[in-house]
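Computed over heavy atoms, backbone and side chain alike; hydrogens, waters and symmetry mates excluded.
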Amino acid sequence: MMTGRIFLAAAGAAGAISVAVDAAATHLLAGDAYRLGLAATASRYGMIHAAALLALVFLIERGGWWLGAAGWCFVIGLVLFCGSLDLLA
């Protein structure tokens with residue numbers, strides 16, 4: 001199913017971006033505790049969203065339009081919440 005592939009790609013991208021943001025923040029923002037905290041929170045929630053999307057990929061095979069809607073909500077939440085925290089940091 002195409003939606004499952006999109007969610008799998010989004011989960012992989014979210015995980016990779018979360019790890020990169022956390023690593024960059026640890027090295028570049030070491031002197032600013034507030035911005036480091038923002039980046040750490042964005043990274044943590046990005047990994048949680050990635051894990052949820054990955055689980056959703058396996059569940060979406062069972063069907064149900066609501067699983068697709070939940071996946072899109074996770075993607076939108078990932079972009080809006082984690083993205084805004086990354087931009088603030």
Please determine whether residues [X] and [Y] belong to a single hydrophobic cluster, defined as Ile, Leu, Val, Met, Phe, Trp and Tyr linked transitively by side-chain heavy-atom distances below 4.5 Å.
{"X": "Leu8", "Y": "Ile76", "answer": "no"}
{"X": "Leu80", "Y": "Leu87", "answer": "no"}
{"X": "Val75", "Y": "Ile6", "answer": "yes"}

What pair of heavy atoms forms the shortest contact from [X] to [Y], and how long is it?
{"X": "Trp72", "Y": "Phe7", "answer": "N-CZ, 3.6 Å"}
{"X": "Ala14", "Y": "Gly46", "answer": "CB-O, 4.1 Å"}
{"X": "Leu67", "Y": "Leu56", "answer": "O-CD2, 3.5 Å"}
{"X": "Ala10", "Y": "Leu53", "answer": "CB-CD1, 4.1 Å"}
{"X": "Ala50", "Y": "Gly15", "answer": "CB-N, 3.8 Å"}
{"X": "Ser43", "Y": "Asp22", "answer": "OG-CB, 3.3 Å"}

For Val21, all residues meeting side-chain contact (heavy atoms from CB on, under 4.5 Å), sequence neighbours excluded: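 Val21 satisfies side-chain contact (heavy atoms from CB on, under 4.5 Å) with Ile17, Ala39, Asp86 only.
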Please name all residues satisfying side-chain contact (heavy atoms from CB on, under 4.5 Å) with Phe58, sequence neighbours left out, ordered by chain then number.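 Residues passing side-chain contact (heavy atoms from CB on, under 4.5 Å) with Phe58: Leu54.
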Are Leu78 and Phe74 side-chain neighbours, meaning at least one heavy-atom pair lies under 4.5 Å?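 They are not in contact (no side-chain heavy atoms under 4.5 Å apart), so the answer is no.
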If I take atom CZ from residue Arg62 and atom CD1 from residue Ile60, how far apart are they, to the nearest 0.5 angstrom?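 So the CZ of Arg62 and the CD1 of Ile60 are separated by 12.5 Å.
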